[in-house]
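Since the structure comes first, as structure tokens, the remarks are kept for the end.
These values consider heavy atoms only, across backbone and side chains, with no hydrogens, waters or symmetry-generated copies.
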Amino acid sequence: MPSIVEPKLTDLDFWAEPQPDRDALFASLRSAEEPVFCPRPDGPGFYALTRYEQVAEASRHPQVFSSEPTAVSLVDPAPSIRDYTGSMISLDDPRHARLRRIVSRSFTPRMIQKFADDVSDLAARIVDGLVERGPCDFVTHVATPMPLQIICALMGIPESAYDDVIDATNAILAVGDPDHVSPDGKTREQVLGEKFTILDNLMTELGRLRREEPADDLITALLHANVDGEALTELELRRFFSLLVVAGNETTRNALSHALALFTDNPGQRSLLLADLETRLPGAVEEVVRYATPVTWMRRTLTQDHTLSGHTYRAGDRVILYYNSANRDESVFKDPHTFDITRSPNPHLGFGAPGPHFCLGAHLARREVTVLLRELFRRLPDIHATAEPVRQRASFINGVKSLPCAF
């Protein structure tokens with residue numbers, strides 16, 4: 001079928017361009033009548049789904065828009081890392097539904113309440129440390145500790161492993177960023193294999209310990225989970241562990257970092273928030289997630305021919321669901337490029353679109369961001385960024401590497 005050819009979306013240099021430049025390209029792609037095809041020099045290209053209705057429809061029809069063999073990479077996983085990449089985010093039903101059912105049962109009300117209390121206590125300690133430290137890098141000292149410590153506590157990961165966890169998650173999600181390139185010239189697959197192995201070994205050791213001495217954490221719950229006679233296999237447990245550690249750290253950290261940058265760049269919105277913090281904070285969190293869209297895209301592969309927006313895509317075609325573009329769709333959001341914490345309704349796709357793959361950790365992420373922003377703005381209402389954020393050179397994650405702050 002006739003299509004527009006747009007190679008920029010596969011170029012990491014494009015993703016390092018200023019936000020207005022990237023927004024302008026996606027606006028032109030949303031208005032295009034023809035499908036948008038993105039060729040790749042080292043493998044099959046893909047079609048870009050940039051409109052809200054396209055992303056939503058593809059998400060509602062997983063039997064057509066498959067998450068297999070991978071939802072998180074433009075290229076199919078190499079044999080050397082295939083065992084690491086088959087988490088439930090890259091599976092279809094019935095296997096996806098089975099895993100999600102088992103995992104969901106492990107998040108008991110008692111466990112959720114325990115970690116809800118932990119979020120509040122941790123937020124207070126983070127801001128205590130910030131007050132004592134003074135001006136610093138917001139990413140390192142504020143945005144990173146919140147999800148890192150909550151996820152690690154949830155999984156029972158010891159503090160001695162925190163640095164390894166952060167290093168692994170950074171490398172896995174930011175392959176191609178100069179700060180995460182292997183100094184000895186290792187390939188992408190080699191780096192990914194090494195980092196996933198670190199997480200695998202950590203899960204294996206935690207599993208051994210929790211079988212000997214059960215504890216009040218998610219690892220213990222998952223090891224003993226049994227839903228209708230079904231339990232997680234060792235491989236499924238390791239894959240879910242890596243998924244939760246990586247996704248739980250990176251997305252919340254980046255949402256918090258973008259929040260400070262957005263309220264620095266939009267002082268009127270800060271004033272509006274501070275005038276009624278409790279009432280306006282929930283809407284502010286949703287607008288941060290919409291505007292920043294920490295996870296930029298997910299991949300799907302068509303299982304059969306399918307007509308979408310008047311054009312027929314063929315079985316085997318790869319499509320990328322661009323959540324960042326859907327969250328700027330003019331047909332759904334009024335003044336989409338404006339940061340507006342009073343936006344209502346705000347049906348953003350920052351946690352994915354409705355469907356079986358909607359983010360399992362959305363509730364926890366919302367709570368972490370809400371509680372930390374409340375503590376920050378209640379105690380340090382003038383906290384602000386003192387320079388532009390340094391972004392990750394990556395397309396999958398809208399990541400922030402550093403952001404100096406003062407108050």
Side-chain angles (χ1 to χ4, degrees), residues 1-40 44-62 64-67 70-75 258 287 289-302 305-314 316-339 343 346-355 357-359 391 394-399:
M1 58 184 167
S3 59
I4 293 175
V5 177
E6 179 48 74
K8 275 193 172 184
L9 299 187
T10 63
D11 184 354
L12 288 183
D13 288 339
F14 165 75
W15 295 97
E17 291 180 6
Q19 180 83 44
D21 295 347
R22 287 178 282 130
D23 285 345
L25 177 62
F26 277 106
S28 70
L29 298 181
R30 286 193 299 274
S31 65
E33 292 295 329
E34 301 86 356
V36 178
F37 183 74
C38 304
R40 294 181 57 254
F46 59 86
Y47 289 95
L49 303 186
T50 58
R51 299 177 195 164
Y52 189 100
E53 63 180 31
Q54 293 174 328
V55 174
E57 180 173 340
S59 300
R60 287 194 298 265
H61 295 90
V64 176
F65 295 89
S66 170
S67 295
T70 179
V72 297
S73 176
L74 301 181
V75 299
H258 281 291
E287 181 66 350
V289 175
R290 180 196 75 88
Y291 198 93
T293 313
V295 176
T296 306
W297 55 260
M298 286 284 175
R299 172 184 150 182
R300 299 291 186 261
T301 303
L302 272 79
D305 293 357
H306 184 81
T307 300
L308 178 65
S309 300
H311 300 282
T312 300
Y313 298 83
R314 301 300 180 186
D317 283 348
R318 303 175 182 194
V319 297
I320 301 298
L321 283 55
Y322 281 104
Y323 302 121
N324 64 315
S325 181
N327 283 340
R328 295 285 199 281
D329 193 325
E330 301 83 353
S331 69
V332 176
F333 301 98
K334 181 181 178 182
D335 300 324
H337 303 294
T338 299
F339 179 63
R343 186 180 299 278
N346 190 355
H348 67 79
L349 305 183
F351 293 113
H357 284 281
F358 184 80
C359 177
R391 298 181 59 253
S395 69
F396 183 68
I397 289 288
N398 186 13

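Pro18 meets the side-chain contact (heavy atoms from CB on, under 4.5 Å) test with Pro20, Asp21; sequence neighbours excluded. Residues meeting the side chain to side chain donor-acceptor pair (under 3.5 Å) test with Thr293, sequence neighbours left out: Asn327. His357 meets the side-chain contact (heavy atoms from CB on, under 4.5 Å) test with Ser67, His96, Arg300; sequence neighbours excluded. Applying the side chain to side chain donor-acceptor pair (under 3.5 Å) rule to Arg290 yields the partners Glu287; only residues at least two apart in sequence or on another chain are considered. Take Tyr323 and apply the ring-ring contact (aromatic ring centres under 6.0 Å, His included) test, not counting sequence neighbours, and it matches no residue. For Ser331, the side chain to side chain donor-acceptor pair (under 3.5 Å) partners are Asp329, not counting sequence neighbours. With sequence neighbours left out, the ring-ring contact (aromatic ring centres under 6.0 Å, His included) criterion links Phe396 to Trp297. When the ring-ring contact (aromatic ring centres under 6.0 Å, His included) test is applied to Phe46, no partner is found at least two apart in sequence or on another chain. With sequence neighbours left out, Pro347 forms a side-chain contact (heavy atoms from CB on, under 4.5 Å) with Tyr52, Val332, Phe333, Pro345. Applying the side chain to side chain donor-acceptor pair (under 3.5 Å) criterion to Thr301, with sequence neighbours excluded, gives Arg299. Looking at residues two or more places apart in sequence or on another chain, you find no salt bridge (charged side-chain N to carboxylate O under 4.0 Å, His left out) involving Asp335.
Residues Thr296 and Ile397 come closest through the heavy atom pair OG1-C, 3.9 Å. In terms of heavy atoms, Ile4 sits closest to Ala32 at CD1-CB, 3.3 Å. The two residues His348 and Val289 make their nearest non-hydrogen contact at CE1-CG1, 3.6 Å. Across Pro354 and Ser59, no two heavy atoms sit closer than the pair O-CB, 3.6 Å.
Rounded to the nearest 0.5 Å, atoms OG (Ser66) and CZ (Arg318) are 12.0 Å apart. Asn324 CG to Phe26 CZ: the interatomic distance, rounded to the nearest 0.5 Å, is 4.5 Å. A distance of 5.0 Å separates CG of Asp23 from NE2 of His337, quoted to the nearest 0.5 Å.
Put simply, the residue from Ile320, Leu74, Leu25 that forms a side chain to side chain contact (heavy atoms under 4.5 Å, CB included) with Leu9 is Leu25.
Annotation: salt bridge (Lys or Arg N to Asp or Glu O under 4.0 Å) contacts involving residues 3-16, sequence neighbours excluded, comprise Asp13-Arg393.
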